[in-house]
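Hydrogens, waters and symmetry mates play no part in the numbers below; they use all other heavy atoms, side chains included. Residue numbers count from 1 along this sequence.
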Amino acid sequence: MIGHKPSAPRLAAIAAAAIVALSSAAPRAAHAQHGLIPGGSYDPSIPTPRSVLGYEIGERFTPHHMIVRYAEALARTSPRIRLDTVAHTFEGRELLMVVATSEANHARLDEILAGARRLADPRGASAAELERAVARTPGIVWLGYTIHGGEASGTEAALAMMYQLAAGQDEETRMILDSLVVLIDPVQNPDGHERHVQDVMRRLGAFGPPTTPGAMIHSGTWPGPRTSHYHFDLNRDWFIHSHPESRGRARVFLEWAPHVAVDLHEMGSNSTYFFAPPMEPINKNVPQNILDWWDIFARANAEAFDRNGWAYFTREGYDEFYPGYGVSWPILTGAIGMTFEQASSSGGAIRRTDGTVLTLRQAVL
């Protein structure tokens with residue numbers, strides 16, 4: 001399918017809007033939710049996370065039933081949001097897909113889906129037909145959070161992103177919604193994530209999480225929250241699709257044919273932030289245009305991080321060789337797939353080797 005994607009100039013036009021969404025909107029979405037950007041305006045008819053969850057994003061980890069409750073509240077109140085259930089886990093939890101875009105785009109989603117599939121596989125189409133599809137099809141971006149259950153700041157960031165796209169009235173948010181269809185998978189591994197949330201809840205005291213790295217709150221009960229119900233790492237299942245979460249996600253992915261796929265993880269608490277390009281080895285089936293786009297995204301991300309004084313690194317620690325990673329299979333279908341890694345707050349607040357304390361709120365932001 002790689003050979004059936006749009007040409008580089010066409011893909012450039014599509015991905016340029018995605019660069020804005022990922023490099024600029026994501027940090028602002030979380031900040032604006034907490035009132036850290038002066039002048040942010042929001043539709044008062046759209047429920048804030050606090051109004052549904054009972055706490056601000058970053059104050060605690062959100063259990064699965066409350067994730068569903070908030071997603072349903074946004075879908076009921078915002079014409080920018082559609083909520084789909086794409087699969088159920090072995091323990092019966094919903095695997096959600098939030099479709100966020102402008103009202104005008106929602107009114108023609110069938111046309112957008114048809115255009116995306118036509119561009120993903122243009123065999124038999126005329127040049128004029130493809131040009132029309134390019135002109136009328138917005139960029140499609142997939143954001144997948146928390147495929148490892150204990151990497152839980154991603155899910156909280158997803159909730160903040162959902163609110164921003166549902167309620168934000170600023171020019172940048174409106175531009176993103178006009179230019180993109182954003183597919184948000186707020187928790188890719190609901191069963192593992194729920195184990196993490198419940199472990200932390202049971203070990204949390206009145207004074208908040210203890211920050212000592214060896215405290216019990218920072219180590220889940222066996223088998224830990226990383227894996228699925230059957231103790232399988234879903235970030236290794238994109239190739240075989242042996243689990244219902246993977247099969248449902250892949251089915252939706254092939255329906256939408258996203259142009260950009262982002263898999264958001266956590267790493268060790270003493271680290272900083274990682275984004276593509278990855279380190280060697282890189283699978284030889286990854287085409288050159290993907291490598292080129294990694295560099296384009298990296299420059300945009302680096303500029304945004306430098307403006308804010310945030311530490312980061314690339315080309316270390318994370319490869320792109322095995323085809324079953326969360327961005328590897330999307331890459332081999334033609335998407336610009338990228339892994340992002342945020343330092344983990346573990347049980348919600350942990351002291352690092354430099355003496356600083358990394359909190360969940362900081363990890364989310």
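Hydrophobic cluster of Phe90: the remaining members, joined at side-chain heavy-atom separations below 4.5 Å, are Tyr230, listed by chain and number. Cluster note: Phe207 groups with no other residue, as no ILVMFWY side-chain heavy atom lies under 4.5 Å from it. Within the hydrophobic cluster formed by Ile, Leu, Val, Met, Phe, Trp and Tyr side chains joined at under 4.5 Å, directly or through other members, Trp222 stands alone, with no partner residue. Through direct or indirect side-chain contacts shorter than 4.5 Å among Ile, Leu, Val, Met, Phe, Trp and Tyr, Tyr318 is connected to Met267, Phe274, Phe313.
Checked by atom type and distance alone, the side chain of Ser51 pairs as donor or acceptor with a backbone atom of Thr48 at under 3.5 Å. With Thr85 contributing its side chain and Ala87 its backbone, the two residues share no donor-acceptor pair below 3.5 Å. The backbone N or O of Gly326 sits less than 3.5 Å from a side-chain atom of Asn235, completing a donor-acceptor pair. Of the possible polar contacts, one joining the Asn301 side chain to the Phe297 backbone as a donor-acceptor pair under 3.5 Å is found. A distance-only check finds a donor-acceptor pair linking the side chain of Asn189 to the backbone of Thr227 [under 3.5 Å]. Counting only distance, with no hydrogens or angles, the side chain of Glu59 and the backbone of Glu56 share a donor-acceptor pair below 3.5 Å. Here the side chain of Arg351 pairs a donor or acceptor atom with the backbone of Gly355 at under 3.5 angstrom. One N or O on the side chain of Gln362 and one on the backbone of Thr359 form a donor-acceptor pair closer than 3.5 Å. With Ser345 contributing its side chain and Ala349 its backbone, the two residues share no donor-acceptor pair below 3.5 Å. Of the possible polar contacts, none joining the Arg202 side chain to the Ile217 backbone as a donor-acceptor pair under 3.5 Å is found.
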Worksheet entry | Steps toward salt bridge (charged side-chain N to carboxylate O under 4.0 Å, His left out) verdict (Arg315, Asp295) | CA-CA 11 Å; Arg315 302 187 193 276; Asp295 289 333; 2.8 Å; yes
Worksheet entry | Glu129/Arg118 under salt bridge (charged side-chain N to carboxylate O under 4.0 Å, His left out): CA gap, chis, key distance, verdict | CA-CA 9 Å; Glu129 181 184 355; Arg118 177 78 288 185; 3.7 Å; yes
Item to complete: Evaluate ring-ring contact (aromatic ring centres under 6.0 Å, His included) for Trp294 paired with Phe275, printing each intermediate quantity in order.
Response: CA-CA 9 Å; Trp294 283 341; Phe275 50 78; over 10 Å; no
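Taking CG of Leu53 as the reference point, atom CZ of Arg60 lies at 9.0 Å (rounded to 0.5 Å). Taking CH2 of Trp142 as the start and CZ of Phe253 as the end, the distance is 6.5 Å to the nearest 0.5 Å. To the nearest 0.5 angstrom, His88 atom NE2 is 9.5 Å from Leu95 atom CG. The distance from atom CG of Leu74 to atom OG1 of Thr77, rounded to the nearest 0.5 Å, is 5.5 Å. Residue Glu303 holds its CD atom at 8.5 Å from CZ of Arg299, rounded to the nearest 0.5 Å. Annotation: the span from Thr137 atom OG1 to Leu113 atom CG amounts to 9.5 Å, rounded to 0.5 Å.
His64 and Glu194 form no side-chain donor-acceptor contact under 3.5 Å, judged by distance and modelled atom types alone. Side-chain contact annotation: Glu341 with Ser271, donor-acceptor N/O pair under 3.5 Å absent. In the model, Gln342 has no side-chain atom that pairs as donor or acceptor with a side-chain atom of Ser153 under 3.5 Å. Counting only N and O atoms by type, the side chains of Thr146 and Thr155 include a donor and acceptor under 3.5 Å apart. Between the side chains of Asp199 and Thr221, at least one donor N or O lies within less than 3.5 Å of an accepting N or O. Using modelled atom types, one finds no donor on one side chain facing an acceptor on the other under 3.5 Å when comparing Gln169 with Ser41. Using modelled atom types, one finds a donor on one side chain and an acceptor on the other under 3.5 Å when comparing Glu320 with Ser328.
Classified by interplanar angle (parallel below 30°, tilted 30° to 60°, perpendicular above 60°), the ring pair Tyr273/Phe305 is tilted. Taking the six-membered ring where the residue is Trp, Trp238 and His241 present perpendicular rings, their angle passing 60° and hence far from 30°. Ring geometry, Tyr322 versus Tyr325: the interplanar angle exceeds 60°, so the pair is classed perpendicular (tilted spans 30 to 60°).
Residue pairs meeting the ring pair (Phe, Tyr, Trp, His ring centres under 6.0 Å) criterion with at least one member in residues 103-126, sequence neighbours excluded, do not occur. Among residue pairs with one or both ends in residues 73-84, those qualifying as salt bridge (Lys or Arg N to Asp or Glu O under 4.0 Å) are Arg82-Asp84; sequence neighbours excluded. Counting only residues at least two apart or in different chains, ring pair (Phe, Tyr, Trp, His ring centres under 6.0 Å) contacts with residues 343-365 are absent. Pairs passing the salt bridge (Lys or Arg N to Asp or Glu O under 4.0 Å) check and including a residue from residues 215-240, sequence neighbours excluded, read Glu151-Arg226, Arg226-Asp233, Asp233-Arg236.
The side chain to side chain donor-acceptor pair (under 3.5 Å) check on Thr62 picks up Tyr55, Glu156, with sequence neighbours excluded. The side chain to side chain donor-acceptor pair (under 3.5 Å) check on Asp263 picks up Gln188, His265, with sequence neighbours excluded. Annotation: ring-ring contact (aromatic ring centres under 6.0 Å, His included) contacts of His218 (sequence neighbours excluded): none. With sequence neighbours excluded, the residues that form a side chain to side chain donor-acceptor pair (under 3.5 Å) with Asp306 are Tyr312.
The pair Arg249-Glu245 fails the salt-bridge criterion, with no side-chain N (NZ, NE, NH1 or NH2) lying under 4.0 Å from an Asp/Glu carboxylate O. Taking 4.0 Å as the cut-off between side-chain N and carboxylate O, Arg136 and Glu111 count as a salt-bridged pair.
Phe239 and Leu234 sit in two unconnected hydrophobic clusters of ILVMFWY residues. Membership requires side-chain heavy atoms under 4.5 Å apart, directly or through other members.
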